[in-house]
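Quantities reported herein were computed from a predicted structural model and do not represent experimental measurements. Keep in mind that the numbers below use all heavy atoms, side chains included, and drop hydrogens, waters and symmetry copies. Convention: sequence-line order gives letters A, B, ...; per-chain numbering from 1.
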Amino acid sequence: DAGITQSPRHKVTETGTPVTLRCHQTENHRYMYWYRQDPGHGLRLIHYSYGVKDTDKGEVSDGYSVSRSKTEDFLLTLESATSSQTSVYFCAISGVVRAGSYEQYFGPGTRLTVT
Amino acid sequence: DQQVKQNSPSLSVQEGRISILNCDYTNSMFDYFLWYKKYPAEGPTFLISISSIKDKNEDGRFTVFLNKSAKHLSLHIVPSQPGDSAVYFCAATAAGNTGKLIFGQGTTLQVKP
């Protein structure tokens with residue numbers, strides 16, 4: 001298994017509070033991604049990083065920000081949590097992105113509930 | 001708009017039989033497709049992939065078929081085992097897309113003993 005951990009694994013927070021989720025990898029992979037999983041939607045990309053300090057938006061980035069100050073850590077911040085952000089959040093990593101090699105490896109997930 | 005669609009939310013098959021999971025896509029720029037398997041309370045795990053230059057890729061009990069003209073791919077599991085019971089996601093990406101994957105909604109497979 002790829003060395004990916006996510007913390008916390010579970011969190012309950014109140015509407016309007018900031019929340020930060022952490023993804024840590026020990027694989028020295030360049031690419032890191034944050035997804036959310038919701039019923040009927042599969043997994044949707046929130047933000048991704050293609051190197052230290054290099055990040056970009058995914059398809060559902062509103063209300064989220066990210067930071068990557070070290071290769072091994074990718075942080076996802078909900079600036080002011082809303083109930084619509086209740087979801088399961090997955091981090092993924094990828095070592096290379098080239099023809100014939102697009103596999104991503106996922107962490108165990110963080111279940112976030114916003115009340 | 002959903003660029004990758006899995007129109008069957010669930011599928012139930014008998015142990016030993018074939019499981020066929022389907023996936024359709026709309027974006028003709030997609031050139032690489034992947035299948036992931038997910039157990040409850042775990043992250044998705046990579047299963048098998050296929051490039052658009054191929055129409056079939058096989059790995060043990062798992063085979064993925066790609067029909068580019070129909071923009072359709074399918075995952076065949078033969079023979080199905082109870083341990084295959086999970087949610088299966090198909091995903092697609094386009095070259096030069098920084099590896100961003102677009103996922104379908106998932107299909108829950110139940111393999112009955």
Same apolar cluster: A/V88 and A/V19, side chain cutoff 4.5 Å: yes
Any chain of hydrophobic side-chain contacts (each under 4.5 Å) joining B/V13 to B/W35? yes
Side chain to side chain contact (heavy atoms under 4.5 Å, CB included), that's the test. Do B/L101 and A/Y35 meet it? Break it down for me. CA-CA 10 Å; B/L101 298 180; A/Y35 293 88; 3.6 Å; yes
Cluster overlap B/V78 with B/I20, hydrophobic side-chain contacts below 4.5 Å: yes
Ignoring hydrogens and angles, tell me if any N or O in the side chain of A/E103 forms a donor-acceptor pair with the backbone of B/L34 under 3.5 Å. no
Hphob cluster co-occupancy, A/Y50 + A/L45, side-chain heavy atoms under 4.5 angstrom: yes
Is there a path of hydrophobic side-chain contacts, each under 4.5 Å between heavy atoms of I/L/V/M/F/W/Y residues, joining B/F65 to B/L21? no
Where on B/A91 is there a heavy atom nearer than 4.5 Å to chain A: the side chain, the backbone, both, or neither? neither
So among A/Y102, A/F106, A/F90, A/Y105, which one has a ring-ring contact (aromatic ring centres under 6.0 Å, His included) with B/Y36? A/F106
Side chain, backbone, both or neither: which part of A/E59 has a heavy atom under 4.5 Å from chain B? side chain
Spacing of A/L43 atom CG and B/Q105 atom CD [to the nearest 0.5 Å]: 11.5 Å
If you measure from CD on B/Q2 to CZ on A/R44, what distance do you get to the nearest 0.5 Å? 8.5 Å
Show your working on side chain to side chain contact (heavy atoms under 4.5 Å, CB included) between A/D56 and B/K100 and close with a plain yes or no. CA-CA 11 Å; A/D56 205 348; B/K100 291 184 289 184; 5.8 Å; no
So with a 6.0 Å cut-off around CZ of B/R17, is the heavy-atom count from everything else above 12? no
As a quick check of understanding, evaluate side chain to side chain contact (heavy atoms under 4.5 Å, CB included) for A/Q37 and B/K38, giving each step before the final call. CA-CA 11 Å; A/Q37 184 197 358; B/K38 185 184 179 305; 3.2 Å; yes
